[in-house]
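Before any comments, here is the structure.
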2 protein chains.
Amino acid sequence: MSDPAQIGPRIKAVRTERGLTQDQLASAVGVSRSAVAQWETGRAGQVTGNLTRIAQCLDVGVEYLMYGMDKSAEEEVSHGDELALLRLYRECTPDDRQTLLRLARRLRATRPD
Amino acid sequence: MSDPAQIGPRIKAVRTERGLTQDQLASAVGVSRSAVAQWETGRAGQVTGNLTRIAQCLDVGVEYLMYGMDKSAEEEVSHGDELALLRLYRECTPDDRQTLLRLARRLRATRPD
DNA sequence: ACTCCTCGTCAGATTTTATAACCAATCGCG
DNA sequence: CGCGATTGGTTATAAAATCTGACGAGGAGT
């Protein structure tokens with residue numbers, strides 16, 4: 001799941017994307033420039049308690065640094081109407097759920113391209 | 001955001017919820033029983049590279065141990081049928097989406113209690 | 001009272017990590 | 001071309017962190 005050896009390159013990738021030098025990230029996190037270099041080159045097995053600060057300074061999620069992405073097996077819903085639909089669906093009986101799924105399939109099949 | 005001092009009690013809470021002893025969690029993670037006790041009593045400032053293994057063994061997200069909760073602003077979908085519904089919904093036109101939402105409301109309103 | 005189980009704490013060995021220093025590559029300037 | 005500045009990789013080492021095994025306390029059951 002988590003690949004510690006990949007955290008370093010990932011930190012480097014995000015840092016350069018943000019246009020920061022190692023010195024700048026080091027100052028932001030509160031460590032020496034060498035520490036950042038060692039993180040990025042995989043010398044440090046884990047970046048321990050600094051992980052949260054690094055994520056904050058780079059404006060990226062801790063789980064992104066750890067796993068490379070948010071959970072991929074699950075889907076996130078953030079649109080209000082999709083949330084509403086999901087909640088309504090969950091409050092339906094199994095039969096009604098099947099009805100909704102069938103209608104969704106029919107509507108999708110007849111949509112214009 | 002992250003409260004390192006709270007990781008310990010959180011580990012303990014999840015462990016006891018799962019009905020595990022410190023010894024059992026220690027065996028699962030691959031450390032001594034003392035290490036688990038120290039994590040839970042806050043002796044260790046951070047639980048370093050073991051955090052991922054702890055989360056795996058306790059069947060909980062790393063971010064939950066670190067922050068106490070998954071992202072609260074978003075909802076996660078993990079059931080296959082819900083994923084299917086969501087995907088179908090997204091492939092529909094706005095008009096068809098409204099149709100689905102209306103039907104869902106009607107079905108929810110007529111469900112037996 | 002005794003035994004067992006669970007867990008908190010401690011001393012110490014081991015491991016990890018951050019620092020300062022060193023060095024190399026690149027680039028811009030005179 | 002030589003020089004200085006900047007950036008970044010690497011190393012030795014001191015300091016800090018972490019884990020282990022041992023010890024002891026409290027509770028439950030017999």
Side-chain angles (χ1 to χ4, degrees), chain A residues 1-70, chain B residues 1-70:
Chain A
M1 182 184 285
S2 168
D3 195 347
Q6 288 303 315
I7 293 183
R10 211 166 282 137
I11 292 177
K12 176 168 183 167
V14 179
R15 175 179 63 80
T16 52
E17 275 169 23
R18 303 282 189 269
L20 295 175
T21 66
Q22 288 182 345
D23 237 332
Q24 288 170 320
L25 177 57
S27 295
V29 174
V31 294
S32 68
R33 204 267 318 161
S34 322
V36 175
Q38 289 180 59
W39 297 341
E40 295 185 354
T41 51
R43 191 163 297 272
Q46 276 287 356
V47 293
T48 72
N50 284 312
L51 198 55
T52 299
R53 285 186 60 79
I54 295 167
Q56 283 176 327
C57 294
L58 291 176
D59 195 22
V60 73
V62 168
E63 56 273 21
Y64 174 75
L65 292 180
M66 294 185 75
Y67 307 113
M69 61 186 70
D70 286 329
Chain B
M1 184 182 284
S2 168
D3 193 349
Q6 288 303 315
I7 293 183
R10 210 167 283 140
I11 291 176
K12 177 167 183 166
V14 179
R15 176 179 63 80
T16 51
E17 276 169 25
R18 304 276 188 272
L20 294 175
T21 66
Q22 287 181 347
D23 236 333
Q24 288 170 322
L25 177 56
S27 296
V29 174
V31 294
S32 67
R33 205 266 317 161
S34 320
V36 175
Q38 289 177 55
W39 298 340
E40 295 184 355
T41 51
R43 188 165 300 273
Q46 275 290 352
V47 293
T48 69
N50 285 313
L51 195 58
T52 301
R53 286 186 61 79
I54 294 167
Q56 282 175 327
C57 296
L58 291 177
D59 195 23
V60 73
V62 167
E63 56 273 19
Y64 174 77
L65 291 180
M66 293 184 75
Y67 308 112
M69 62 188 69
D70 286 328

Quiz item: Less than 4.5 Å apart, any side-chain heavy atom of B/Val14 and any of B/Ile54?
Solution: no
inquiry  = If the cut-off is 4.0 Å, is A/Asn50 near the phosphate of C/dT17, judged by side-chain N/O to OP1 or OP2?
reply    = no
Sorted by number, residues from residues 13-23 of chain B placing a heavy atom under 4.0 Å from DNA chain C are B/Arg15, B/Thr21, B/Gln22
>> Side-chain N or O of A/Lys12 versus OP1/OP2 of D/dG9: is the shortest distance under 4.0 Å?
In response: yes
Separation of D/dA12 atom C1' from A/Gln38 atom CD, nearest Å, is 11 Å
Sorted by chain and number, sequence neighbours left out, salt bridge (charged side-chain N to carboxylate O under 4.0 Å, His left out) with A/Arg15 holds for A/Glu40
Tightest non-hydrogen contact, residues A/Arg18 and A/Leu58, listed as NE-O, 2.7 Å
Rounded to whole Å, CH2 of A/Trp39 lies from C1' of D/dG9 at a distance of 16 Å
For nucleotides 22-29 of chain D, which of its nitrogen or oxygen atoms have a protein nitrogen or oxygen under 3.5 Å away, and what is each distance?
unit_1	atom_1	unit_2	atom_2	d
D/dA22	N6	B/Ser34	OG	3.4

Between CD1 of B/Ile11 and C1' of D/dT18 the distance, given in whole Å, is 14 Å
To the nearest angstrom, the CG-P distance between B/Leu25 and C/dT6 comes to 13 Å
In this structure, CZ of A/Arg53 is separated from CG of A/Leu51 (nearest 0.5 Å) by 12.0 Å
A/Leu65 and A/Ile7 have their tightest heavy-atom pair at O-CG1, 3.4 Å
Side-chain atoms of B/Ser32 come closest, of C/dT19, D/dT10, D/dG21, to D/dG21
Side-chain contact check for A/Val31: nearest option of C/dT19, D/dC19, D/dG9 is C/dT19
note: A/Gln24, atom CD; D/dT7, atom C1'; distance rounded to Å ~ 11 Å
Throw together a table of side-chain donor-acceptor distances under 3.5 angstrom for residues 25-37 of chain B, partners on residues two or more places apart or in other chains.
unit_1	atom_1	unit_2	atom_2	d
B/Ser27	OG	B/Asp23	O	3.2
B/Ser32	OG	B/Ala35	N	3.4
B/Arg33	NH1	B/Gln22	OE1	3.0

